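Working notes for the structure below.
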Amino acid sequence: MGTTKEWIAMLLAGGEGKRLGFLTSEMAKPALPFGGKYRIIDFALSNCTNSGIDTVGVLTQYQPLILNAHIGIGIPWDLDRKHGGVSILAPFLKYGEEGKWYRGTANAIYQNICFIDKYDPHYVLVLSGDHIYKMDYSLMLKFHKEKQADLTIAVIEVPWNEASRFGIMHTDSEGRITEFQEKPAHPQGNLASMGVYIFGTEILKQYLQADNERAGSGNDFGKDVIPLMLDEGCRIFAYPFQGYWKDVGTIESLWEANLDLLSSENGLDLFDRNWRIYTVNQNQPPHFIAPGAKIENSLANEGCEIFGEVSNSVLFTGVHIGEGTVIKDSVIMTNVRIGRNARIERAIIDENAIIGDECLICSERKDPPEIILVRENMILPENSVIRTTSP
Amino acid sequence: MGTTKEWIAMLLAGGEGKRLGFLTSEMAKPALPFGGKYRIIDFALSNCTNSGIDTVGVLTQYQPLILNAHIGIGIPWDLDRKHGGVSILAPFLKYGEEGKWYRGTANAIYQNICFIDKYDPHYVLVLSGDHIYKMDYSLMLKFHKEKQADLTIAVIEVPWNEASRFGIMHTDSEGRITEFQEKPAHPQGNLASMGVYIFGTEILKQYLQADNERAGSGNDFGKDVIPLMLDEGCRIFAYPFQGYWKDVGTIESLWEANLDLLSSENGLDLFDRNWRIYTVNQNQPPHFIAPGAKIENSLANEGCEIFGEVSNSVLFTGVHIGEGTVIKDSVIMTNVRIGRNARIERAIIDENAIIGDECLICSERKDPPEIILVRENMILPENSVIRTTSP
Amino acid sequence: MKDVMGIVNVRIQDDIIRVLTDFRCIASVPFGGRYRLIDFILSSMTNSGVQKVAVFTLHKYRSLMDHLGTGKSWDLNRKEDGLYILPPNVFYYSQTSYPGDIRSFYSQMDFFEHSKQKDVIISPGNLVCNLDLREAIAFHRKSGADVTVFYREDAEYEPDFPWKRKLKVSRNNRVLELEEEPGTLEGNKVLVEIFIMSKLFLLETIENSILNGAGDLFQDVILKDRDKLNIYAYPVRGYFAAINSIKRFYRANMDLLNPAIRQNLFFQPGPIYTKVKDEPSTKYATGSNVFNSLLANGCLVEGTVENSILFRGVKVKKGAFIKDSIIMQKSEIEEDARVEYAILDKEVTVSRGKEIIGRENGPVVIGKRKKL
Amino acid sequence: MKDVMGIVNVRIQDDIIRVLTDFRCIASVPFGGRYRLIDFILSSMTNSGVQKVAVFTLHKYRSLMDHLGTGKSWDLNRKEDGLYILPPNVFYYSQTSYPGDIRSFYSQMDFFEHSKQKDVIISPGNLVCNLDLREAIAFHRKSGADVTVFYREDAEYEPDFPWKRKLKVSRNNRVLELEEEPGTLEGNKVLVEIFIMSKLFLLETIENSILNGAGDLFQDVILKDRDKLNIYAYPVRGYFAAINSIKRFYRANMDLLNPAIRQNLFFQPGPIYTKVKDEPSTKYATGSNVFNSLLANGCLVEGTVENSILFRGVKVKKGAFIKDSIIMQKSEIEEDARVEYAILDKEVTVSRGKEIIGRENGPVVIGKRKKL
């Protein structure tokens, strides 16, 4: 009945998501809308709740207003707790110091050691708010304890051609990590770090301190802290994860991740009542499928009014689709209004955009695939055409 | 039934309170404990609620963790509202920009114009979280409208010898401000700005923009924006406030403000049920006055256990005072434990300090008055003596 | 509107809308895909700036309590005022018949006395409407009426007006005549069960009624004393239905398939709030076939849905066919089952191949958690 | 403890502690300066990790509902599980006499069936104690008992044990004998009204009882079938009182003036939570004279207070004298008034110069809002 926690989570939510263009001009990547009604960070937060974690620090620094308003005191994730719950940790000025922004991922945690100390946990789970997946961290903690590890890193097999985007590891037969390469140009393996770490609290603090004192360190877990720990012979284990996991880095992969939800075997069942993904719920009437409308292999949300034809698409809350309009292979975000007889294919239409009658938005470039992004609040007059064709 | 607000408040809560020493090493000045159970910011927040304001932006940047945890989503002040409520506004990184800390008071608001725009209010009330007072801002808004002012500044008469610490104004017979001097070395008047401003939203935005573009500006309301507006002939009026108002700048004035609560004619009646000061309430049993104990002209709070003698003092929650101990003219903060037969006079004992048996803490220096401050978590062994005497 | 108190007076109406009220009171009957009946009057009140609402309940109010919670969905979770659910004192109601609303009010006299509001607005819990009550309060105050009653011009459906009382008003809407017996007055203005009066008038009325044995605020006070009282009438505009029968319930739901009615009812003058739930997007499978229907979130549709309303989390399996029906939360229509002109309460299962077919004028109603 | 459900069964006990229960049920009787009786068992449950608590109420539960709210003070405002207040269905209780707790449980069968918890722990709402129930649950599970009953060794006050049933246990605490008639068994182990059983056992018991007419879980099941059941007994440690009379209420309050009891009851094994309120610090004026007393926040003391307990917001004017008394929220003792051996309910005013004096063995009780 004491106040010590077994574990707490530190969720890194400061990412800019530079390759996402306009989408992240007013919000951090973890705040990006996804899957008809979620924001990406909902997955990590819901995983925490469902794994039995009741104390989460969310580290923000880039465009946090939407994230702050979304998270509040954590009510949707049941994280409004008497002891613990969710805390937003933005950079701040300290007594007698110059203000410092968070430099790397490790530095962000380093600057908030006082927060960790407040709860004095045995273990610290470090997460990224950028990823879409469902994972029971309590099983990983069990693994961490069984292996008597100093650090456990969740890993997933990625396609070889994408391996250079990730931290790649090599393990021995026991699962102990022998080598770690952050974003290697020529990857020797395809076992990628998911950016999910469990540390013993003392060892975490010790290495954050050491890393902070090393001149020239980028203060990043992947680039600096983990290699240092490996060098010094720490017991670092790889916890293999199977299932859906996506690091949404580009507009194309955001589009792809949304459309992944339409396949019934995607491994990310959002209908599972035993592992719900929580979010802030909107207050809108049920959506309406008009006489003459058609909707197939798609997601739709409350507040939508659909008079046209929708296939293989994801419609967020409050989308209006006019008569005669055809939507295919697209992601239409909150409160977008699309007029009559328009055609939209392979596109993401961002929040509150207005697309006039008879518009044509269509990407035919598939290799490399390209997705058209229509910017938030954009007003597209009647008969506009946005089109890309294969070169 | 639209979403436009008549007015919103922007509450500046980033102040370091440099002259408050240890007290503000881990929290901003607005977070300082006061009056047995409050934090200083509770006064401004409660004034907002009681004045009918339902949207408050709290601007933080210095040691905000305690403040963030205290404010949460504003439940204690009834500011957990569907539309509006309280938002913490910390400095953040913007798209394509270097991170900027808030420079002056005006710059802090300037960096959050997007927050103001979200609610599109007619008026913006700018407040400081550093002051202890009860004030009905709705009467000031009424005054502002009657005067058709561009800016209204709440003013109070201060003792002449303190005038140089404040922004001092001169008004004509109608109350229109003709001159404004920020912290004048040789004040010509004693009508001081309370740091409470009401602006028309458009004029505020216009002058924040202008100020931001002026090279060499300190981006401060008192030093830069208000003089600029005066120069350009804006209608600026002084709204006279009568009542208790205190800018707690030093350890001595914090001590004094606490002891002010003991006089029944202090003008800051905390028992008034029509203008309550709200705060986060602690869960502690009633306090106990033991057989043989004595308490007079003092405040005590839940969780205290008093076996000694207390007079002319303020005891925060959970204070333990041993048998035979005498406390006089002092402020004893949360969870302080004081042993037996100790004597404490004219001191502030900060949170969680432990004072051993037979200790003597006593300031006899009264001109200039000096108050002894015992630091947070300090453990003072038995028979320790901390004493200042008049030189 | 800080000085107006809302009172939602949930009467016992189990007999008129059976099955759906077997386990809940009328005010918490689900409606329109994700709402409960009480949401409409409650949202009307709070959108109009009313900050204190008392809900008088009689029985079967557990689902109502769950739904209302602390009133957060209506911004009524306030430190002062806000939402009050006032259940009966069981010993006052140990008689088998309901002694009338005045006795309910009387049992909460201290609640009224401790309230600071000047006027009260009293409504039943079964109205489907979206009202700007600020105008009504302004009208009431300007008129100096003892009581302002609401009425509907051009009453469309008789079932909306259980008292069937017509009224005649002067040019400035003072009530000149109010039918004692239904059917005696010409005209098309019919009384709606919403009243405005001062709290003082209400308290005096309660005190007097307890002394002289009057039990029902409308029947025994307003109607009986109509010639002594200064009564004004205020017109209800926009969509309006009072759910007093299964037929009316069915028809009012189907009215929502009309986009104009829907836009008006759900958004004008303010949004209708309800308790939100965690449901994913609704998923339409390849081969699904849906038209002229309203669907809440969390549904999984593989079959055909026409002219119907589906609440949250309904599953429509491959080959299943739903037409002209209302399917409540988490019901499941299995493969090749057929549902027409039916109202399915929560968590009903219609098994593979089974047919549930009602008539247009008499939809079949299936109770909660039934497996067919 | 996610798999244990707490049940607080608030019985009707108006007759045993009159005046204080005129307007509230026993579980919401104020206690110890700022608590309500239910806080103790509720905090014991949640400190022990119980995440779902059902409070069965019968009547006069408005103040209990206000107090509990969404359960936030006990961290029970959870999305799944959390706090459930289960009022009676008015029609089940239209008879004048209480049909027994089994019928209360029966009316909420669907609630039990939808709960995922494996075991239930059932307690009344009038116990003053601070228990670690994890140990009790572990004991129950290890023993394989049908029912684990709680008992008190060295029962100090008879009033704490309304059933007056003694029991005899084996070395491993299996119940060997349980008195059918009080007074037939030797020993010092007395039954306390807390039980642990599996949800399955409870549900079967309810079903069977409804068929064979049994009404009371203890009397008609545990006691009657004691020889057929596998019953174990678990000892209650630490401070313990069951508030079954004014005398006991008075004495249990006065016990809190003992620092050892207070430290034990309020903090060990976990803190007792209650609904917090906005009250300023308590202010002691010059000339005030207070000793051996407990005072909550918001009091204003100018007079003398000895051996007493003052709830939040009490005013003691100049020259007023309070001794050996319990003064509840917002009461006011005016100049030169004298209160001894008295229990004043909320908002009582004792006028200038007036004397209210009871006896040590029979404190005088003054009802809510009385002006004397």
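Just so it is clear, the model here is predicted, and its values are computed rather than measured.
Residue D:Lys370 places its NZ atom among 12 or fewer non-hydrogen atoms of other residues, nucleotides or ligands, all under 6.0 Å distant. In this structure, B:Lys328 places its NZ atom where only 12 or fewer heavy-atom neighbours from other residues, nucleotides or ligands lie under 6.0 Å away. Within 6.0 Å of CZ in D:Phe321 there are more than 12 heavy atoms belonging to other residues, nucleotides or ligands. Sparse packing is recorded around NZ of D:Lys318, with 12 or fewer heavy atoms of other residues, nucleotides or ligands lying under 6.0 Å away. Annotation for D:Lys247: atom NZ does not count as buried by contact number, only 12 or fewer foreign heavy atoms lying within 6.0 Å. Heavy-atom neighbours of B:Arg340 CZ from other residues, nucleotides or ligands within 6.0 Å: at or below the threshold of 12. Heavy atoms of other residues, nucleotides or ligands lying less than 6.0 angstrom from NZ of D:Lys315 number 12 at most. Other residues, nucleotides and ligands contribute at most 12 non-hydrogen atoms within 6.0 Å of the CZ atom of D:Arg352.
Within the 3.5 Å criterion, the main-chain N or O of D:Ala296 finds no donor-acceptor partner in the side chain of B:Glu302. Not one N or O on the side chain of D:Ser281 forms a donor-acceptor pair closer than 3.5 Å with the backbone of B:Leu315. With hydrogens and angles disregarded, no donor-acceptor distance shorter than 3.5 Å links the side chain of D:Arg34 to the backbone of B:Asn283.
Of the residues considered (D:Ser293, D:Ser288, D:Pro259), D:Ser293 shows the highest number of contacts with chain B, using heavy-atom pairs under 4.5 Å. Heavy-atom pairs under 4.5 Å with chain B peak, among D:Thr282, D:Val276, D:Asn289, D:Val290, at D:Thr282. Comparing B:Pro285, B:Ala290, B:Gly292 by how many heavy-atom pairs each has under 4.5 Å with chain D, the most go to B:Pro285. Ranked by heavy-atom pairs shorter than 4.5 Å toward chain B, the options D:Leu310, D:Leu295, D:Thr286 are led by D:Leu295. Among the candidates B:Glu296, B:Gln282, B:His287, the residue making the largest number of heavy-atom pairs closer than 4.5 Å to chain D is B:His287. Most heavy-atom pairs under 4.5 Å with chain D, from the set B:Asn281, B:Val280, B:Ile306: that is B:Asn281.
In this structure, chain D has a heavy atom under 4.5 Å from the backbone of B:Ala293, while its side chain stays farther away. Interface remark: B:Phe316 contributes no atoms to any contact with chain D (heavy atom separation under 4.5 Å). Contacts of D:Phe266 with chain B are made by side-chain atoms alone, with heavy-atom separations under 4.5 Å and no backbone atom involved. Using a 4.5 Å cut-off between heavy atoms, D:Lys275 makes no contact with chain B at all. For B:Ser46, no part lies under 4.5 angstrom from a heavy atom of chain D. Looking at B:Leu262, only its backbone comes within 4.5 Å of chain D, counting heavy atoms on both sides. If you measure heavy-atom distances from B:Gln284 to chain D, the contacts under 4.5 Å come from both the backbone and the side chain. Proximity to chain B is limited to the side chain of D:Phe267, based on heavy atoms less than 4.5 angstrom apart. Using a 4.5 Å cut-off between heavy atoms, B:Ile277 makes no contact with chain D at all.
Note: B:Lys37 NZ to D:Asp278 CG = 6.5 Å, rounded to the nearest 0.5 Å. Note that CD of D:Glu279 is 6.0 Å distant from CZ of B:Arg276, once rounded to the nearest 0.5 Å. In this structure, CZ on B:Arg273 lies 4.5 Å from NZ on D:Lys330, to the nearest 0.5 angstrom.
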Check against side-chain contact (heavy atoms from CB on, under 4.5 Å), B:Ile289 and D:Tyr284: CA-CA 11 Å; B:Ile289 313 289; D:Tyr284 294 90; 3.5 Å; yes
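For residues 297-309 of chain D, heavy-atom neighbours of chain B at less than 4.5 Å comprise D:Asn297, D:Gly298, D:Cys299, D:Leu300, sorted by residue number. Within residues 67-78 of chain D, the residues that have a heavy atom under 4.5 Å from a heavy atom of chain B are D:Lys72, listed by number.
Counting only heavy atoms from C-beta outward, the side chains of D:Phe291 and B:Ile295 never approach each other to under 4.5 Å.
Between D:Leu257 and B:Phe288, the shortest heavy-atom contact is O-CZ, 3.5 Å.
Of the residues B:Thr279, B:Leu299, B:Leu270, B:Asp272, the one that meets the side-chain contact (heavy atoms from CB on, under 4.5 Å) test with D:Pro280 is B:Leu270.
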